[in-house]
Amino acid sequence: LDSYGLKVGSQIDIQRSDGRVHAAVISGANEDNKTVRVEWFENNETKGKEIELAAIVKLNDLKTAKERQQQQQQQ
């Protein structure tokens, strides 16, 4: 997570299984499995799910610190 500037408490966008995209908050991570646990509030309930880090990176167009540095040098 750190390499993407993410941590517990970071707000990100997630895509639900029905295709909806909405905000959620990172509540935990499993570095071994490369997954992130997220939570959001819906219909007066706190909901949550575990998502692959790669899906979050793609949806939120996240870059590692190294990728950001390379991009800045090209500008």
Side-chain angles (χ1 to χ4, degrees):
L1 289 179
D2 289 340
S3 61
Y4 292 102
L6 297 174
K7 60 184 177 188
V8 171
S10 293
Q11 185 169 322
I12 57 165
D13 286 334
I14 62 165
Q15 186 166 14
R16 302 283 298 280
S17 54
D18 64 6
R20 289 181 295 153
V21 174
H22 62 79
V25 177
I26 295 175
S27 61
N30 183 326
E31 297 286 338
D32 294 333
N33 293 338
K34 294 185 171 50
T35 58
V36 176
R37 288 183 308 280
V38 297
E39 294 181 345
W40 65 95
F41 195 68
E42 180 180 338
N43 296 328
N44 296 322
E45 292 182 326
T46 300
K47 302 204 175 197
K49 69 189 257 182
E50 193 164 346
I51 304 175
E52 290 183 8
L53 179 59
I56 291 171
V57 168
K58 183 177 180 182
L59 183 64
N60 291 273
D61 194 29
L62 298 175
K63 309 254 187 286
T64 64
K66 185 177 180 179
E67 290 170 329
R68 288 191 303 270
Q69 183 181 21
Q70 289 171 344
Q71 191 174 34
Q72 288 174 349
Q73 290 173 350
Q74 292 173 354
Q75 293 177 351

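Because the structure is a prediction, the values reported are computed rather than measured.
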Next on the checklist: With a 4.5 Å cut-off on side-chain heavy atoms, are E42 and R16 touching?
Outcome noted: yes
Checklist outcome for this item: Separation between CG (D13) and CD (Q15), nearest 0.5 Å, reads 10.0 Å
Next on the checklist: So, taking the atom named OG in S3 and the one named CG in L53, what distance separates them when rounded to the nearest 0.5 Å?
Outcome noted: 7.5 Å
Checklist entry - Is D32 salt-bridged to K34, going by a charged N under 4.0 Å from an acidic O? => result no
Checklist entry - Does one hydrophobic cluster hold both V25 and I14, with members joined at side-chain heavy-atom distances below 4.5 Å? => result no
Item to check | Closest contact, heavy atoms only, S10 versus G5 | outcome: OG-O, 4.4 Å
Checklist entry - Can you name the nearest heavy-atom pair linking A24 to V38, along with the distance? => result CB-CB, 3.9 Å
Item to check | N60/K58 under side chain to side chain contact (heavy atoms under 4.5 Å, CB included): CA gap, chis, key distance, verdict | outcome: CA-CA 6 Å; N60 291 273; K58 183 177 180 182; over 6 Å; no
Checklist outcome for this item: CD1 (I56) and CG (L62) are apart, to the nearest 0.5 Å, by 8.5 Å
Checklist entry - Is it true that the side chains of T35 and E50 contain a donor and an acceptor less than 3.5 Å apart? => result yes
Checklist entry - With the 4.5 Å side-chain cut-off for hydrophobic clustering, are I12 and I51 part of the same group? => result yes
Checklist entry - Which value, rounded to the nearest 0.5 Å, describes the distance between K7 atom NZ and L1 atom CG? => result 11.5 Å
Checklist entry - Given side chains that start at C-beta, do those of W40 and K49 come closer than 4.5 Å, heavy atoms only? => result yes
Checklist entry - Is a side-chain donor or acceptor of D18 paired with a backbone partner of R20 at a separation under 3.5 angstrom? => result yes
Checklist entry - Counting only heavy atoms not in N33, do more than 12 sit closer than 6.0 Å to its CG atom? => result yes
Checklist entry - What pair of heavy atoms forms the shortest contact from S27 to E39, and how long is it? => result OG-CG, 3.8 Å
